[in-house]
Structures are given as structure tokens and as C-alpha cells.
Number of protein chains: 2
Amino acid sequence: MSDMTSTADAPRSPGRPRSIRADEAIIEATLDLLAEGSTIEALSIEAIAARAGVGKATIYRRWAGKDALLLDALRRLKGVLPQPEGHSVRDDLVLLVGAIGQNVDPRAAKIMPCLVPEVNRSPDHFRLYQNIIAPRRQLMREVLRRGISEGFIRPDIDLEVTMALLTGPMLIQRVLQWNPELDERTLPGQVVDAVLAGIQAH
Amino acid sequence: MSDMTSTADAPRSPGRPRSIRADEAIIEATLDLLAEGSTIEALSIEAIAARAGVGKATIYRRWAGKDALLLDALRRLKGVLPQPEGHSVRDDLVLLVGAIGQNVDPRAAKIMPCLVPEVNRSPDHFRLYQNIIAPRRQLMREVLRRGISEGFIRPDIDLEVTMALLTGPMLIQRVLQWNPELDERTLPGQVVDAVLAGIQAH
DNA sequence: CACATACGATACGGATCCGTTCCGTATCGT
DNA sequence: ACGATACGGAACGGATCCGTATCGTATGTG
């Protein structure tokens, strides 16, 4: 973003440069500690430094405080978007629903529940959360629109409500273990099929 | 539970009895602080005591620590079950969905998101959470069964999946503000109608 | 080489909270 | 009245963490 190496703008580096290894070690330590069950505010700079094998000063040289570090660490966790195949609308929906709360980084699943209170408290976290899920919502919206244009889905449905319908059950099960009798693995298919079919007789 | 006054078991009270006002002031202070945005572990016994106008010793005389106090306070918050009217299955479902995350005590809505991490971390909190929602799930299950017996709902649906379908969207919207474009007030009706109707063409 | 900066480590003063203990006072039963 | 217990308040030692400063050392540029 900010450091475009435009023109002959010399990077201007008197003295020893920052260690990239330290950078990554700090971020990794933060995510590790969160994934191991530490709450956001139980997470201390001292613990992160110790875990990363780094002096506290090395952290404060890079970030203003715990919040800034945390936001950076979470951004690093964003992951890649799922890729709908584009053949079957139903299968694409199952794929997207199954990807809810999943990530290339397995720590994400453990960390997500810890962030729920923060999303409610901090506008920064709320924005970050919305930035992460907005493209995934858009992906699902496009699949639904495709289904409509193919005549597979009724054109009069409310897209936003439908997305909530597809997303909600999976999310509460992954984040809250809402109903111990449900199986996370089969749930995406069940949800999609139920939403498509409806439950009313005739 | 434990203090059944069976037999002529005199309550045996030498000395000044515990103050019921202190009891309630402590619980109220705990819930107030949580509702005002304090996280579970940012919540300190000292803050609770100060807020309640009570000495710390008065708290430690009653509870072993923060966890025990917290579980007691949350139990107090349980609230009353919604009452389906029993006429229209559709309207009863709308009522139950609308009651998700609602409570006679308005503080409950603010407190709920704070508990998500705890439910994942502590088996006690998980059990408490399940104990609170189990009767509400049962209520919804009975309404769905009634709809099936009335021929209004298809008999081949998966009840647990259907309940997740009805509950999930409302819960993520109340707890996470999942989609700012959705309106919490109209959502229950929209969700119920969408689940009943399905979105597939023909 | 000299200089500038970053490094890990350690120590610091200040703050907060823990759980306990002790006040002087208040409120019970006998 | 008397003993027993609870009360609010204050103080305690210990623990943890904050954010800063200061070591001696390492690693870059000119």
C-alpha cells in the first residue's frame, strides 16, 4: 500500500534493517497463542514476545500496542476465497456453505469465536470482519443470481435473507456448537437442500 | 437444591444472617458491568464489589471465585420461555424465532456475545448454555411436529436441521450483526416464510 | 573503518487485580 | 446483655502486565 518504490526513491536505510524473521515470528506467536485458547485480552505483549523469542522492544518498535498488532495478525489470517466450479448451482452453494469458518490456516477456526465480543465492541474489528466476509457474501450472491438466471431458483426471493439462511446454521454450529446432534460435515448439503426445497407440504 | 428443610432441622443461625440485599447487589453489579461492555475476564471482583457497594470479603464469603459468581449471575438471567399460541404454526415459529437472543432482561442481548468464547473454552459454560437453549429448542421442535401432524409441514424433513435453519440466521444477526442490510425486526417472518417455501423454482 | 539502527535481554516504576486479613460496626438468637 | 456472625472498608503481599529505558551485541550503509 504505502511503500510504492516509485521513482528512484532510495529506501534510505542507515543502520541495521528490521528483521523480517522477527516480524513473522511475532505474528505467528500471536496467532498461535490465540489458537491455543488465550482470550484477546488475556493475550499479553510479554507472552507474545516470549513465545516469539523476541524482546518486547522489538514489538513496540513495530506496533503501537496490542490492538494494532492484533489487527495486523488477523489480517494475515484472511485466507483465500473458495472457488465455485460454476457447473451445478446446488453444488456451488454446498461448497460455499462448507467453507464458512474454514480457512487454509486451521488456527482460524479456534480464533473466530474469540473475536465475537471484539466485533461487537470495536468498530475496527467490526470493519475487519465485514471486510473478510463481504467478498464471500458476494460470491454466494453471484451463485444465487446465476441460479435465478438459469431458472433453477425462483426470481422473487430476497437474496440477503437467503444468504443468511444458508450461512446462519453453519456458522452457529461451527462457532457455538449450537446443537451437538448436528454433524458439521453433512450439514452444508442438508442446509442447501432444505433451503432449496422448503418444508411446507405441497 | 441442597438445603431441603426436611425433618425438624432448625436453620441453625447463630450470629447475623447474610444480607439478601448484598446478594442481589452483587449479582446485579456483575450483570450491569457485563452489559456495559466489560469482557468476562476484564471483569474483576474489585470492580464488582465497588459497583455493588460491598466489601470484597462479602463476595468471597459467598463464592469461591469469579467463575462461580459468574455462573450464578448468568443462571439468574435465564428468563422465561416464550409461549406459542398454538393456533398458526407459521405464527408460532415467527414468535419463537423472534425470541432468539431476546429476554425479559435487556442486558442479556449485550452479554450474550461476550459468552461465545467462554462456551468454547469452559465445559461449565457450555453446559449452562445448552441448558438454557435446550427447552427453547424443544418448544420449536414441538411446533414443527404439530405442523407435521396437521399436514402443514412435510413429514420427511430433518427436525434438527430445520431448527438450525430457523435459528441460525436470527442468531448471527443478533450476535454478530452479520449483514448490516438485514432488519432484525422483519427477519423472523422472512426466515420462517423462506424456510417454509423453499427457493427452488416449481 | 565509523556510524546508525535493530537485536535479545533485563530491569524499571506504575498500575491493576488477586485472595486474605484485620478493623470497628451492625444485626441476629439466646 | 452476650456471643456469634456479617457488614463495608481498608490494607496487605504477591502476581502479572504495561510501556520505557538501557545494556552489550549484531548487521546493515558509506
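Note on naming: letters A, B, ... go to the chains in the order of the sequence lines (proteins, then strands), and numbering restarts at 1 for each one.
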Margin query: If the condition is salt bridge (charged side-chain N to carboxylate O under 4.0 Å, His left out), which residues does A/Arg121 pass it with, not counting sequence neighbours?
Written below: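 A/Arg121 satisfies salt bridge (charged side-chain N to carboxylate O under 4.0 Å, His left out) with no residue once adjacent residues are dropped.
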Notebook entry, point to check: How would you list, by chain and number, every residue that makes a salt bridge (charged side-chain N to carboxylate O under 4.0 Å, His left out) with A/Arg174, sequence neighbours excluded?
Noted result: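 Counting only residues at least two positions away or on another chain, A/Arg174 forms a salt bridge (charged side-chain N to carboxylate O under 4.0 Å, His left out) with A/Glu184.
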Checklist line | Footprint string (nucleotides 23-30 of chain C, 5' to 3'): B base within contact, S backbone only, - free, heavy atoms under 4.0 Å | finding: ---BBBS-
Checklist line | Donor-acceptor pair between B/Ser122 and B/Glu118 side chains, under 3.5 angstrom | finding: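 No, because no side-chain N or O of B/Ser122 sits under 3.5 Å from a partner of the opposite role on B/Glu118.
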Next item on the list: Examine the side chains of B/Arg127 and B/Gln130 and answer whether a donor and an acceptor come within less than 3.5 Å of each other.
Entry: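 No - no donor-acceptor pair under 3.5 Å links their side chains.
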Just N and O in the side chain of [X]: are any of them under 4.0 Å from OP1 or OP2 of [N]?
{"X": "A/Arg18", "N": "C/dA4", "answer": "no"}
{"X": "A/Ser19", "N": "C/dA6", "answer": "no"}
{"X": "A/Thr58", "N": "C/dA6", "answer": "no"}

Rounded to whole angstrom units, what separation is found between the [atom1] atom of [X] and the [atom2] atom of [N]?
{"X": "A/Ile20", "N": "D/dG28", "atom1": "CD1", "atom2": "P", "result": "11 Å"}
{"X": "A/Arg51", "N": "C/dG8", "atom1": "CZ", "atom2": "P", "result": "16 Å"}
{"X": "B/Arg61", "N": "C/dT21", "atom1": "CZ", "atom2": "C1'", "result": "12 Å"}
{"X": "B/Ile59", "N": "C/dT20", "atom1": "CD1", "atom2": "P", "result": "13 Å"}

Notebook entry, point to check: Roughly how far, to the nearest 0.5 Å, is CZ of A/Arg61 from OG of A/Ser19?
Noted result: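 Going from the OG atom of A/Ser19 to the CZ atom of A/Arg61 covers 10.5 Å.
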Note to self: What contact category does B/Gly53 fall into here, base, sugar-phosphate, or nothing, at under 4.0 angstrom with non-hydrogen atoms?
What the structure shows: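 Sugar-phosphate, backbone atoms only, no base.
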Margin query: Base, sugar-phosphate or nothing for B/Arg62? Non-hydrogen atoms, less than 4.0 Å.
Written below: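 Answer is sugar-phosphate: B/Arg62 comes under 4.0 Å of backbone atoms only.
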Who pairs with [X] by side-chain hydrogen bond (donor to acceptor under 3.5 Å, both in side chains), at least two apart in sequence or on another chain?
{"X": "A/Gln102", "answer": "none"}
{"X": "B/Glu36", "answer": "B/Arg51"}
{"X": "B/Gln173", "answer": "none"}

Item checked: Pairing annotation in dot-bracket form, given for DNA chain C with Watson-Crick or G-U pairs under 3.5 Å and | for cross-strand partners -> ||||||||||||||||||||||||||||||
Output side-chain donor-acceptor pairs under 3.5 Å for residues 107-117 of chain B, partner residues at least two apart or in another chain, one line each.
| residue | atom | partner | partner atom | Å |
| --- | --- | --- | --- | --- |
| B/Arg107 | NE | B/Asp105 | OD1 | 3.0 |
| B/Arg107 | NE | B/Asp105 | OD2 | 3.1 |
| B/Arg107 | NH1 | B/Glu28 | OE1 | 3.1 |
| B/Arg107 | NH1 | B/Asp32 | OD1 | 2.8 |
| B/Arg107 | NH2 | B/Glu28 | OE1 | 3.3 |
| B/Arg107 | NH2 | B/Asp105 | OD2 | 2.6 |

Note to self: Does this structure show an ion pair linking B/Glu160 with B/Arg137, if we count only N-O contacts that are shorter than 4.0 Å?
What the structure shows: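 Result for this pair is no, no salt bridge flagged.
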Notebook entry, point to check: Any salt bridge between A/Arg146 and A/Glu150, counting N to O under 4.0 Å?
Noted result: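 Looking at A/Arg146 and A/Glu150, the cut-off is met.
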With a 3.5 Å cut-off and sequence neighbours excluded, list the donor-acceptor pairs that the side chains of residues 74-89 of chain B form with protein atoms.
| residue | atom | partner | partner atom | Å |
| --- | --- | --- | --- | --- |
| B/Arg75 | NH2 | B/Asp72 | OD1 | 3.4 |
| B/Ser88 | OG | B/Arg90 | N | 3.3 |
| B/Ser88 | OG | B/Asp91 | N | 2.9 |

Margin query: Below 4.0 angstrom, which residues in residues 24-32 of chain A have at least one non-hydrogen atom near DNA chain C?
Written below: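 Those residues whose heavy atoms fall under 4.0 Å from DNA chain C, taken from residues 24-32 of chain A, amount to none.
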Notebook entry, point to check: Do the non-hydrogen side-chain atoms of B/Pro169 and A/Pro169 ever get within less than 4.5 Å of each other?
Noted result: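 Heavy-atom side-chain distance check passes, below 4.5 Å.
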Under-3.5 Å N/O pairs linking protein and nucleotides 12-18 of chain C:
| residue | atom | partner | partner atom | Å |
| --- | --- | --- | --- | --- |
| C/dC18 | OP1 | B/Ile45 | N | 3.0 |
| C/dC18 | OP2 | B/Ile45 | N | 3.0 |
| C/dC18 | OP2 | B/Glu46 | N | 3.2 |

Item checked: Residue pairs fulfilling salt bridge (Lys or Arg N to Asp or Glu O under 4.0 Å) with at least one residue in residues 13-24 of chain B, sequence neighbours excluded ->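 Salt bridge (Lys or Arg N to Asp or Glu O under 4.0 Å) check on residues 13-24 of chain B returns B/Asp23-B/Arg62.
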